[in-house]
2 protein chains.
Amino acid sequence: MEHFVASAGDLSGSQSVDRALRLLALIGREPAGGLPLSDIVIESGLNKPTARRLLLALIRAGLVEQEALSRHYCLGEEAFVLGVLAARRHGLLELAMESLRRLSEITMDTSFLSIRRENYSVCLHREEGTYPVRTHALQTGQQHPLGVGAGSLAMLAVLPDGEIERIMAANEAVLLTQYPGFPPDEIRADLTLARQRGFSLNPGRLVASSWGVGIAFRYPDGRVAGALSLAAIDSRMVPARQVELARHLSTEAERMERLLAQMFVRKTSQGDGPQQRARPITKSRSA
Amino acid sequence: MEHFVASAGDLSGSQSVDRALRLLALIGREPAGGLPLSDIVIESGLNKPTARRLLLALIRAGLVEQEALSRHYCLGEEAFVLGVLAARRHGLLELAMESLRRLSEITMDTSFLSIRRENYSVCLHREEGTYPVRTHALQTGQQHPLGVGAGSLAMLAVLPDGEIERIMAANEAVLLTQYPGFPPDEIRADLTLARQRGFSLNPGRLVASSWGVGIAFRYPDGRVAGALSLAAIDSRMVPARQVELARHLSTEAERMERLLAQMFVRKTSQGDGPQQRARPITKSRSA
DNA sequence: ACCAAAGGGTCCATATTATGGACTGTCTCT
DNA sequence: AGAGACAGTCCATAATATGGACCCTTTGGT
């Protein structure tokens, strides 16, 4: 039995919970019809009995379901409910819907809300445009490494240089093996351009002729909250129109930041009672 | 160390995962500003170090967050994202939004979507009406035992008698201690009435003067999917209007069943390849 | 200002629990 | 009909989670 030694000062337990939740995230990533056990075993690095046992626990909790005929594992109803409940605090999507609808209406193109998840970007919503030729490069729920796609690139571009390098390093293997259109150096070049222009541009790197522009927005404390982006075929993405679209995106990104600022005020001011100063959340053993 | 013996034929492991996910559900229930550790310890029955360790695991996964100043534990952003991802399969709320909006517009009263979660009913959405006097008996995310509230009662009423008795028995303790307005016998009487009339009525049992009517709808396979309901002050709930509201609810419930039927067809027909017959999902050791 | 109480967080020896190699059953393709 | 792929399961072993006892910080009372 080869086991990972708890490297470094890692002073916390609950391995199996960690593993189970990693499986949950894994299953969440997969858009379509869930994952078969074999893929889960491969992608998680766990072995079959362990994966299966953890999956059964997730199934008992309703977070995962196993489809009867394909035997694939996919997200369960409880995950959906939990999300609705969590949306009371983290209602980014709801806040953004108005912006997305307006963007798609004005521009006739498809608009997206993406957020950052560690080194990845997740698409939370895709609002269809009315223009007859539409690209389907990005669907709700799809994840790509930061830098892959317009919104994703926009988020990466507003991070500090140090973090960008850390992320690029972490994603290098995936980029090289699974994203042939995105050699790391090209992403770095795109980043520089994005910073110069004030908006990101994906010139059809993911799907040929499917271009995108994006702009990130932040929480009041400076953390990246997400990105709004628009996608269209290349002929609708000449430089002049890029700028025009970026202007609309910018307006809506500002709106989002305004709303988030309001939310923050409400949240902190409704805290129970008079000002408390935050205690560090982990142990603070005296000398 | 007192430990529960795995009673009966329970042949599955992963205790700590089960416990962690129970904590997650627990935290999800609490609407407002999360739960303090002490409450979590009490309500879960776990002891402090264990609860904390599991919570840390949930926090590492992003499913739970701990608020810096109140130290309360509440649902994290990952829970929200997971929910959005799960909504691709379990998009009940999205399907229902149109119905809810229409109901609230036509009736001017507040409408609700509730679903069944084991022996409980969870409110997934509250669509405000325009009438100036509104009841606030039910908020998004709140849970009550089946039978408590109009939508909840409607779902209970369409279950088979045996299951009703099982649920009523399971909930008896909570009803007696936490729902003084709902003595089990009254619920049983309400159920009979609901079946006779074809819609459920909550005559202000939860909050005085706040009445509600509800109708359940089902999945194509007959399982209860959820309930639509409307709430208003008693003066707007005279018998004639109850019937009128029930008519609107009924129209929308039919719409929901139609949509669910469509979804089911799409889901099963898009299954990978030709018909496979379902294998039983647990072990099938030969004789 | 001080003390007691309440609550959050943590340590560590112990015994319960998860682990994974090896196995079986089932379906599919040739 | 046999090989291969995949789902699911068993069980001795060893790694892991457990919880009583403890510390620190904040709060409320006098």
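Quick note on labels: first sequence line is chain A, next is B, and so on, each numbered from 1.
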Seminar exercise, completed: To the nearest angstrom, the CD1-P distance between A:Ile40 and D:dC6 comes to 14 Å
For this session: When you get a sec, tell me which of D:dA17, D:dA7, C:dT10 is the closest nucleotide to the side chain of A:Gln66?
Result: D:dA7
Problem set entry | Value in whole Å for how far the P atom of C:dG7 lies from CG of B:Asp39 | 9 Å
Exercise. Within the pair B:Thr50 and D:dA17, is there a side-chain N or O less than 4.0 Å away from OP1 or OP2?
Worked result: no
Seminar exercise, completed: Testing C:dT17, D:dG8, D:dT18 for proximity to the side chain of B:Gln15, the answer is C:dT17
Problem set entry | side-chain hydrogen bond (donor to acceptor under 3.5 Å, both in side chains) partners for A:Asn47, two or more places apart | A:Thr50
For this session: Send over the distance from B:His72 NE2 to C:dG8 P, rounded to a whole Å.
Result: 7 Å
Problem set entry | Bend angle of the helix from C:dA1-D:dT30 to C:dT30-D:dA1, from helix axes over five pairs at each end, nearest 10° | 50°
Exercise. Using a cut-off of less than 4.0 Å, is there contact between a side-chain N or O of B:Arg71 and OP1 or OP2 of D:dT26?
Worked result: no
Problem set entry | Phosphate OP1/OP2 of D:dA17: any B:Ser16 side-chain N/O under 4.0 Å | no
For this session: Calculate the interatomic distance between A:Arg19 atom CZ and D:dA15 atom C1'; express it in whole Å.
Result: 10 Å
For this session: Report yes if at least one side-chain N or O of A:Tyr73 is closer than 4.0 Å to OP1 or OP2 of D:dG8; otherwise report no.
Result: yes
Seminar exercise, completed: Atom CG of B:Leu46 and atom P of D:dT18 are separated, to the nearest Å, by 8 Å
For this session: Grab the CG-C1' distance between B:Leu54 and C:dA18 for me, whole Å please.
Result: 14 Å
Problem set entry | Gap between atoms CG and P, on A:Leu56 and D:dC10 respectively (whole Å) | 11 Å
For this session: Please report the closest heavy-atom contact between B:Leu75 and A:Ala86, naming both atoms and the distance.
Result: CD1-N, 3.6 Å
For this session: Examine C:dT10: is either OP1 or OP2 under 4.0 Å from a nitrogen or oxygen in the side chain of B:Arg52? Give yes or no.
Result: yes
Problem set entry | Side-chain donor/acceptor of B:Asn171 to backbone N/O of B:Asn119, under 3.5 Å | yes
Exercise. What's the verdict on salt bridge (Lys or Arg N to Asp or Glu O under 4.0 Å) for B:Arg117 and A:Glu77, showing C-alpha distance, side-chain angles and the deciding distance?
Worked result: CA-CA 10 Å; B:Arg117 212 93 289 265; A:Glu77 201 181 347; 3.6 Å; yes
For this session: With the side chain of A:Arg53 defined as its heavy atoms from C-beta on, choose the nearest nucleotide among C:dT19, D:dG8, D:dG20.
Result: C:dT19
Problem set entry | Among D:dG8, C:dG9, D:dG19, the one nearest B:Pro49 by side-chain distance | D:dG19
Exercise. Which residues satisfy the ring pair (Phe, Tyr, Trp, His ring centres under 6.0 Å) test with B:Tyr120, sequence neighbours excluded?
Worked result: none
Problem set entry | Any donor-acceptor N/O pair under 3.5 Å between D:dG8 base and A:Lys48 side chain | yes
Problem set entry | Distance (rounded to the nearest 0.5 Å) between A:Ser70 OG and A:Leu35 CG | 10.5 Å
Exercise. So, B:Glu163 and B:Arg116, do they make that salt bridge, N to O below 4.0 Å?
Worked result: yes
Exercise. Do the ring centers of A:His144 and A:Phe182 come within less than 6.0 Å of each other?
Worked result: no
Exercise. B:Leu55 CG to D:dT18 P: how many Å, rounded?
Worked result: 12 Å
Exercise. Any side-chain N or O of B:Ser38 less than 4.0 Å from the OP1 or OP2 oxygen of C:dA6?
Worked result: no
Seminar exercise, completed: When B:Asn47 and A:Leu37 are each assigned the nearest nucleotide of DNA chain D, the 5'-most assignment goes to A:Leu37
